[in-house]
Amino acid sequence: MNVIIGSDHAGYQMKEKVIAHLLKLGIEVEDVGTHDEESVDYTDFGRQVASKVSDASFDRGILMCGTGLGMSMVANRFPRVRAALANDLFSAIMSRRHNDSNILVMGGRLIGDTLAMQLVDTWLDTPFEGGRHQRRLEKMDAE
Ligand code: RB5
């Protein structure tokens, strides 16, 4: 599995820790930035990550901003992207089981690092259940 990751300034500190965590797990990670805490537009980084998941260059994406709201709004404008804002474990699990989420979004100003790493681990490990949920996903892209 390969993962593309991005954040704005409000998610930067968390992003750095998530990258270190993923590398420790042996997961290939592409970091689109941002690379410091200077104020930037979350839109620019959300678009880069979402476009690469949308065109299947990457299996999964992870995005962080202050709340996770802006990033999830941006990411979900891209075809085939199912970005899940999950600042709690139940949402992270269900976003995989029922929604086959391919981008995890977290709020750097809302949750601590320990929870963030648990969310990442859980989200990476939880399979999609398919079946009736697959039918519902197909309806998302219906004309
Ligand atoms: C930046 O101040 C903040 O607006 C951004 O990180 C994010 O929370 C937007 O949704």
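Along the sequence shown, residues are numbered consecutively beginning with 1. One-based numbering, in listed order, for ligands and for the atoms of each. In what follows, every heavy atom counts, from backbone to side chain, and hydrogens, waters and symmetry copies are set aside.
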Taking heavy atoms and a distance under 4.0 Å, where does Met71 meet ligand 1: side chain, backbone, both or neither?
neither

Below a 4.0 angstrom heavy-atom separation, can you tell me which part of Cys65, side chain or backbone, both or neither, approaches ligand 1?
both

Out of Asn76, Asp100, Asn99, which residue meets the side-chain hydrogen bond (donor to acceptor under 3.5 Å, both in side chains) rule with Arg82?
Asp100

Minimal heavy-atom distance between Ser7 and Phe45, with the atoms involved, is O-CG, 3.4 Å

Tightest non-hydrogen contact, residues Trp123 and Ser95, listed as CD1-OG, 3.7 Å

If you count the atoms of ligand 1 from 1 in the order shown, which ones are under 4.0 Å from a heavy atom of [X]?
| X | answer |
| --- | --- |
| Gly66 | 5 (C), 6 (O), 7 (C), 8 (O) |
| His9 | 1 (C), 2 (O) |
| Tyr42 | 9 (C) |
| Ala10 | 6 (O) |

Heavy-atom side-chain contact between Met94 and Thr126 under 4.5 Å
no

Check whether any side-chain heavy atom of Ile62 lies under 4.5 Å from a side-chain heavy atom of Ile103, and answer yes or no.
no

Shortest protein heavy-atom distance from [atom], along with the residue and atom involved:
| atom | answer |
| --- | --- |
| atom 8 (O) of ligand 1 | Thr67 N, 3.0 Å |
| atom 2 (O) of ligand 1 | Arg109 NH1, 3.3 Å |
| atom 10 (O) of ligand 1 | Gly70 N, 2.9 Å |

Just by distance, with hydrogens left out, do Asp55 and Ser57 show a side-chain donor and acceptor under 3.5 Å apart?
yes

For atom 6 (O) of ligand 1, state which one of Asp8, Leu110, Val105 supplies the nearest heavy atom.
Asp8

So, does Asp44 use its side chain to make a donor-acceptor pair with the main chain of Arg47 at under 3.5 Å?
no

